[in-house]
Chemist: 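Dropping the structure in here first, questions after.
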2 protein chains.
Amino acid sequence: MELDDRKVKILKAVIKTYLETGEPVGSRTISKYTDLSLSSATIRNEMADLEELGYIIQPHTSAGRIPTDKGYRLYVDDMMKQKAKELDDREIQVNDREKELDSMRDVLSEKVDRVEELLQNVAKVLAKDTNYATMITTPQVKGNKLKFVQLSQLEANKLLAVIVMDGNMIRNKVITVSEEISQENMLKLNILLNTSLTGLTLEQMNMSIISKMENQAGEHTQIIKEVLDAIVETISNADNLKIYTSGATNIFKYPELSDSSKASELIYALEEKQSLSGLVKEDEDQLDEDSDDNHGIQVYIGNETPVESMKDCSVVTATYELQDGMKGTIGIIGPKRMDYDKVVGTLKTIRSQLDDVFKKT
Amino acid sequence: MELDDRKVKILKAVIKTYLETGEPVGSRTISKYTDLSLSSATIRNEMADLEELGYIIQPHTSAGRIPTDKGYRLYVDDMMKQKAKELDDREIQVNDREKELDSMRDVLSEKVDRVEELLQNVAKVLAKDTNYATMITTPQVKGNKLKFVQLSQLEANKLLAVIVMDGNMIRNKVITVSEEISQENMLKLNILLNTSLTGLTLEQMNMSIISKMENQAGEHTQIIKEVLDAIVETISNADNLKIYTSGATNIFKYPELSDSSKASELIYALEEKQSLSGLVKEDEDQLDEDSDDNHGIQVYIGNETPVESMKDCSVVTATYELQDGMKGTIGIIGPKRMDYDKVVGTLKTIRSQLDDVFKKT
DNA sequence: ATTAGCACTCCACTTTATTGAGTGCTAACA
DNA sequence: TGTTAGCACTCAATAAAGTGGAGTGCTAAT
């Protein structure tokens, strides 16, 4: 059996209606809803075919149809193709959407000095705007280089190391050393550290530490060792993936997700965040598939999602990118019958606004 | 009618049984459970009295009794009195509990450099251990003084200010200035900042800023102004209350809290955190009431809690204190029928372990 | 190929037992 | 006077039975 044009039209109508109502869709509804002007009986025949083809399913014998994952897939793929074509209209579209996104822009342009807060705000605003759960990761770098280190004395045997990486990622570390250190030696240590480490990536650092240390084996070997250890540890922690979530309770707005056990599992995943890292795309090898403008937007439907606890949901992710190649992921988690169209649009807008903000900073 | 000794005994038995089972408690159960050796009929009479006195209530005519808030209150107050007397046994008690708290100690003694992570871990471990939702705030200071500031050049017109407060609270701030600054002037600026600001609290700083600025009105007035603004802003943000939560999904373990709307409201409060700040005790004027050992532990039952969304829960909070007078709050949120005894004990242990960790750091 | 018509299915909802835990009350008892 | 056995009564919870309606599949006519 073939999936002819009319079948597709009916399928889309079924899905669209189901997205709106959340109720199984009957033949009569479609007959009236579409401009196909076909009787419900004809629709019924076509729907039977569509069911046989695996695009829709009946929850029980005498009910209407709801989309299967396969059905959603077709719908979403088609929509994405549409979106990609809309490239020209984008300006207008963005302008249109800007009205509803005013609050978003306001929050984003607020003076938030810390990336953390910014990201949390983005997650929050997105959640509020879409009524789905959201997540956002810190930007990730591959081989970030050390810009400079600055050691200063905090207390008798406590040092403060300020570590600045390329892209102005800054980390502090309080180092407790075993022996006191003179002002003069501090200065020396600072110079030593900067001359030998600046411009190195973490991997390069690990390689060179040993040799450097042996070279410098002077009276303060112990301190140098402690300081180096601390710095290496801090840097390796620095690009640890951090994930912020928001709007977990939005899932209670969708009955199909809000029964106790499902909700608990989902919210747990959002709280623990651990498992969400599966949503971060490792490689950008999907280029060929996601053509043009949709580049970096990924829709997971039901079982497609890499996160086990979200197999009853759909997840849409977008990759945002900072000027210096740092990449992060934004994700929206909702019921399978989410408003894919709106979500994809919002994600695109947010992403471009994020770019703006980061460029301005 | 008086609340005689026997009534109290029966009341406690009812509550204890209810805490364990979560089911309304009938007279027959009590008759067998206690060592009072009274028939169920007698218990029934007493229970009728207790109901009239407002300590217990029937969910419906032919059901057993469950405690009212007033009943819980009496039970908890008594328990706290007991706990206070147990001062001598505490050592032993702690030793006993230590077995189950091994994991807690492990996590706490881990090398976590950032207070944030430590607190998050505490919340997490507490939640896992108690099976309730937990929260913990960052330590708060009244008038924290500036230890030193260190300005360094990041890029052409971006400066990095590292701000260290007493108690080694460290903040970074990237300051974008309107004009470039020479290495030499940077040094001057550093000295100026430290000589004029070190040792001052935020309030004092606000006072002195204007005058200092006018004194120094040289070629770099603009930069000085920008830097000062940034520093003041950062410091005032620094002691913003931060709240970490964990174990929100634990509430699904208690049927009385896990219906969709209640759960949603509760989890929302835990996610938003905003409202939780009501649990932080402003003043320590409760000293007289909470005698001895229970100092700093506060039990809120049902409507007693300051957080609106938790009126169906009980909340137990403890104040922890760092050596330098910084105080934070730990909170446990669970059903009214929570295991108060265990919770109070665990909170005390955690608190003392927190003290240890902070002293060691 | 399309459609009107009709018998059939099955969920969702309401109504009507049925059960059993637990009470309140009374009368007897120490 | 306090305690207790006994019994009638209540009421949630569960099961069983009945009803309505939305929607289907099939057939026969167009």
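Keep in mind it's a predicted model, so treat the numbers as computed, not measured. Labels below follow one simple rule: chain letters A, B, ... track the order of the sequence lines, proteins then strands, and each chain is numbered from 1.
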Chemist: Determine: side-chain N/O of B/Thr61 to OP1/OP2 of D/dC9, distance under 4.0 Å, yes or no.
Modeler: no

Chemist: Over how many whole Å does the gap from B/Glu23 atom CD to C/dG22 atom P extend?
Modeler: 9 Å

Chemist: Should the pair A/Lys336-A/Asp312 be classified as a salt bridge under the 4.0 Å nitrogen-to-oxygen rule?
Modeler: no

Chemist: With the side chain counted from C-beta on, respond yes when B/Glu2 and B/Lys7 share a heavy-atom pair under 4.5 Å apart, and no when they do not.
Modeler: no

Chemist: One thing to verify: whether A/Asp77 and A/Arg73 come together as a salt bridge, which I'm taking to mean a side-chain N less than 4.0 angstrom from a carboxylate O.
Modeler: yes

Chemist: Just to confirm, is there a sub-4.0 Å distance from OP1 or OP2 of D/dG6 to any side-chain nitrogen or oxygen of B/Arg44?
Modeler: no

Chemist: How close or far is atom C1' of D/dG2 from atom NZ of B/Lys7, stated in whole angstroms?
Modeler: 12 Å

Chemist: Atom NE2 of B/His60 to atom P of D/dT14: distance rounded to whole Å?
Modeler: 12 Å

Chemist: Can you see if the side chain of B/Arg65 gets near the phosphate of C/dT23 - specifically, an N or O under 4.0 Å from OP1 or OP2?
Modeler: yes

Chemist: Roughly how many Å is it from CZ in A/Arg28 to C1' in C/dG5, rounded to a whole number?
Modeler: 14 Å

Chemist: Could a donor-acceptor pair under 3.5 angstrom be found where the side chain of B/Ser62 meets the base of C/dT23?
Modeler: no

Chemist: Nearest whole Å is fine: how far is C/dG24 C1' from B/Glu51 CD?
Modeler: 12 Å

Chemist: For residues A/Tyr132 and A/Tyr254, establish whether the separation of their ring centroids is below 6.0 Å.
Modeler: yes

Chemist: Does A/Ser40 reach a base, just sugar-phosphate, or nothing at all? Heavy atoms under 4.0 Å.
Modeler: nothing

Chemist: Looking only at the side chain of B/Met47 (C-beta and beyond, no hydrogens), which of the listed nucleotides C/dT23, D/dT24, C/dT2 gets closest?
Modeler: C/dT23

Chemist: When you get a sec, tell me which of D/dT24, D/dT4, C/dT3 is the closest nucleotide to the side chain of A/Ser27?
Modeler: D/dT24

Chemist: Can you check whether B/Arg6 has a side-chain N or O nearer than 4.0 Å to OP1 or OP2 of D/dT3?
Modeler: yes

